[in-house]
Amino acid sequence: MHRILRRLVAPLAAGLFGLLASTPALSADPGVFDDRIVLGGVMPQTGPPSLIGKAAVIALRVWEKDVNARGGIHGRKIELRVEEDGYVPQRSVQAIKKLIDVDKVFAVIGTSGSSHLVAMMPTIEEAQIPAINFAAVAGAHFNPPRKTVFNIGATYCQEISAVMKHLIATRKLQAAKFALIYQDDDFGADVKCGYDAALKAAGISSVADIPYKRGAKDFSAEILAVQKAGASFVLVGGIITETATMLKEIQKNGMNVMRLAAHPSHLGPVLQLAGSAADGLLVADYVPPITDTETQGIGRLNALAYKYLSADDVKAMNRYSLTASVAGMLLESALQACGRNLTRACLVQKLEQTKNFQSDGIMAPLSFGPNIRQSGTRPLLLKANVATGKFERASDFLADK
């Protein structure tokens, strides 16, 4: 009789346990279940911007698999849901609303591009959902500080300013003639901000500030203008194809100039498109090259990527994989600190209390505070080596200015 009862009760008990595990934990915030934590992200996965989004999501998937293989967060597995926005701000808003209203995610890791996060900000603030931005940081993301939004990395203005000050001081460029070619949008304005700040600090005047229309393909006129101005230092304010085209035009004109670019140009396609014209290009960034074998955190990420992903996925990784990896480490640390009694309020509090968080050398230490929602701003200098097809470190992390 007892044996028969056990046979009847056992399936019912198992079903009840499964039902409880798949429902939200008692009094928990959305996205927190007894057996898992549901997180969301918004990143471009199609078109040219997918070069950024896919590399970032690859690293987040590696982090997800690694956390779960280690037993999760206090017994809860990570479940990451990524929405594609096509790098269109209106679609970014639709994506974040779906993650919050339909998928009921607990927190957001990955918020697409700069203007895209600005567009999503009202929805994020209304829901008071914790969010970590690691792809593109702009002043509007943290000034004024947004309670639940944490940004890791420097703005273009910050990284260009710090790196140019470093170059002027260490390479004795006080007598150099500086020129800037910049895109006529928010990206270009931020690049120009850093350029202007560095020259002002050094008491140097620019010999040429030349804007170009977004999507431009021909830079012969702009390069000729900086050549006629006698420039010996050119800040090429392009992204990928623009930077490559400018470099080739500089080479074509036989110009012997120091060339600097912002971190979007720290991608393999720049070297592939520009060929020999890219050799020696300096790039301001706040993460080392993904091929840097001296950085412990990069070595660990690469090893995990080979363990969990296909060779094609590993090949698609780039600098945005590194910033995503740091975001994952930071989020994991804060989630662990909250224990089993996980709430959004606790997560925000633990992120805010972050002091000198180490990412095994991928970024400078991270710290936040009650009114501090940006960290990891210390940049470093990279240099293109066409012979090896790689970017190499040309400095350590520079001191905060």
Side-chain angles (χ1 to χ4, degrees), residues 40-62 80-99 103 108-121 123 131-138 141 153 156 182-191 212-219 236-248 261-274 278 283 285 287 290 305 309-325 327 391:
V42 179
M43 297 299 294
Q45 299 293 288
T46 56
S50 67
L51 188 70
I52 296 170
K54 286 183 177 179
V57 172
I58 286 169
L60 292 178
R61 291 299 183 194
V62 169
L80 179 65
R81 301 182 183 181
V82 178
E83 285 294 315
E84 146 82 315
D85 70 346
Y87 215 61
V88 177
Q90 295 90 335
R91 289 182 63 186
S92 305
V93 174
Q94 294 170 0
I96 195 68
K97 287 182 176 179
K98 178 182 180 295
L99 288 171
D103 294 322
V108 175
I109 180 168
T111 54
S112 196
S114 174
S115 59
H116 308 74
L117 176 53
V118 171
M120 289 186 281
M121 201 76 79
T123 303
I132 297 179
N133 168 32
F134 59 79
V137 182
H141 300 158
Y156 300 121
Y182 64 101
Q183 196 162 279
D184 62 347
D185 61 3
D186 291 344
F187 164 70
D190 215 23
V191 170
Y212 68 88
K213 293 292 182 184
R214 184 174 183 173
K217 306 295 183 185
D218 182 358
F219 291 91
V236 287
I239 299 178
I240 297 175
T241 57
E242 300 90 350
T243 295
T245 305
M246 285 187 233
L247 293 175
K248 291 173 77 171
H263 74 252
S265 295
H266 170 198
L267 295 173
V270 172
L271 302 184
Q272 296 163 12
L273 291 169
V283 178
D285 205 340
V287 294
I290 198 165
L309 304 176
S310 69
D312 286 342
D313 283 335
V314 175
K315 188 177 179 181
M317 291 169 59
N318 58 42
R319 71 166 303 280
Y320 293 96
S321 304
L322 299 182
T323 58
S325 179
F391 288 92

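Counting begins at 1 with the first residue of the sequence.
The pair R319-D285 counts as a salt bridge, with a side-chain nitrogen and a carboxylate oxygen less than 4.0 angstrom apart.
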Would you mind writing out the side-chain donor-acceptor pairs for residues 40-48 within the sub-3.5 Å range, not counting sequence neighbours?
{"unit_1": "Q45", "atom_1": "NE2", "unit_2": "G53", "atom_2": "O", "d": "3.2"}
{"unit_1": "T46", "atom_1": "OG1", "unit_2": "E84", "atom_2": "OE2", "d": "2.3"}

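Residues N133 and V137 have side chains in contact (heavy-atom distance under 4.5 Å, counting atoms from C-beta outward). In this structure the side chain of K248 never reaches within 4.5 angstrom of the side chain of F219, judged on heavy atoms. Using a 4.5 Å heavy-atom threshold, the side chains of L51 and P269 count as touching. Contact annotation: the side chain of K213 approaches that of D184 to within less than 4.5 Å [non-hydrogen atoms, C-beta and beyond]. Using a 4.5 Å heavy-atom cutoff, the side chains of V82 and R61 are in contact. Looking at heavy atoms from C-beta onward, E83 lies in side-chain contact with D103 at the 4.5 angstrom threshold.
Counting heavy-atom neighbours within 6.0 Å of D185 CG, excluding the residue itself, gives a total above 12. For NZ of K98, the number of neighbouring non-hydrogen atoms (other residues, nucleotides, ligands) closer than 6.0 Å is greater than 12.
Remark: the backbone N or O of A59 is not paired with any side-chain donor or acceptor of S321 at under 3.5 angstrom. One N or O on the side chain of T323 and one on the backbone of F134 form a donor-acceptor pair closer than 3.5 Å.
Residues F187 and Y156 bring their aromatic ring centres within 6.0 Å.
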